[in-house]
Amino acid sequence: MLQYVSMKHILDSQSFDRAELAALFDAADRLMAEPASPLKGKVMATMFYEPSTRTRLSFEAAMLRLGGEVISTENASEFSSAAKGETIEDTTRVISRYADVLVIRHPVEGTVAKAVSVATIPVINAGDGGGGQHPTQSLLDLYTIHREIGRLDNLKVAMVGDLKYGRTIRSLAPMLSKYKNNTIHFVSPVGLRADDNLKKYLNKKRVKYTETENLAAVVPKVDVLYQTRIQRERFSSNDEYLKYKGVYVIDRAMANSMKKGAIIMHPLPRVDEILPEVDSSPHAKYFEQAGYGLYVRMALLESLLS
Ligand code: CP
């Protein structure tokens, strides 16, 4: 048995402990080095009620590479029976009879928890509303830091952009709180600051953090520059979005001001917040980050279904 994650369902990032994370990352290293097919005969269902490229396709590629099969629906909001008014609970009850694991992304926070309440198979949160979490993104984010920097403590990490609606931030900050002496620099406009619940959590865990609007002042200090997109789809109007669009843009000059060995990350997709001229910088690691997602999700599926 290769069960290195004790949870049945993956709802948030707080629930992982350091031993589980270390075992998961060892498994991702192993699966990157040695292809294996331990999930032959297993079926994964993906139900995405919001757009996705990386999360959905890396989960599906992970399952296929492990020897399993995938069932799915294109745009679950439109093509699943949710369009006819079916509840997520009924959808989950049915899929529990067809598949061995269910991966869900939904625009309404709390929907994945509703699925978990009735599921008889493991459920994975692949992004849960503008105020929710994206725990498997934080797993691959942490794995990227581990591989590219070689440690998970004594880090200075800038989290930049839309911190109000960014579920990747809401998942990664608690992950970093599990390790020693990390400092988070939240960089955002006042109207897009990280929410109070996240800051209360960091206070409870005694994680040092600062809040600023000044990106240029922070960049030369940090080991990780975690840029995020201003999420047009979360704003109540286009005018509101345009107030923030382009507020922080990383260009080559800014990348050149980083410390040796420091890395730029981004959960992707990007719009205009990292210029293409940065892609060839030795600091740019966002495409490696997306690639690592495949192996981390392979390790997670192997653990949940073994
Ligand atoms: N990082 C991320 O969640 O990307 P997708 O929206 O493409 O899945």
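For ligands, and for the atoms within them, numbers begin at 1 and follow the listed sequence.
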heavy-atom search around atom 4 (O) of ligand 1 in the protein gives R54 NE, 3.1 Å
So Y143 and Y292, would you call those rings parallel, tilted or perpendicular, with 30° and 60° as cut-offs? perpendicular
Are M175 and V224 joined in one hydrophobic group, where the rule is that I, L, V, M, F, W and Y side chains link up if heavy atoms are under 4.5 Å apart? yes
Using a 3.5 Å distance criterion without hydrogens, assess whether the side chain of H9 forms a donor-acceptor pair with backbone atoms of V123. yes
Just wondering, are more than 12 heavy atoms of other shown residues or ligands nearer than 6.0 Å to CZ in R65? no
Between D26 and Y4, is any side-chain donor less than 3.5 angstrom from a side-chain acceptor? no
So the atoms of ligand 1 within less than 4.0 Å of a heavy atom of T55 turn out to be 2 (C), 3 (O), 4 (O), 5 (P), 8 (O)
Would P267 count as a polar contact of ligand 1, with the cut-off being nitrogen or oxygen pairs under 3.5 Å? yes
Other residues, nucleotides and ligands only: do more than 12 of their heavy atoms fall within 6.0 Å of NZ on K259? yes
Any heavy atom of E50 sitting closer than 4.0 Å to ligand 1? no
With a cut-off of 4.0 Å, which atoms of ligand 1 are near a heavy atom of Q137? 1 (N), 2 (C), 3 (O)
Could you check atom 6 (O) of ligand 1 against the protein and tell me its nearest heavy-atom contact, residue, atom and distance included? R105 NH1, 2.9 Å
Judged by heavy atoms only, the candidate from T228, L268, T53 nearest atom 2 (C) of ligand 1 is L268
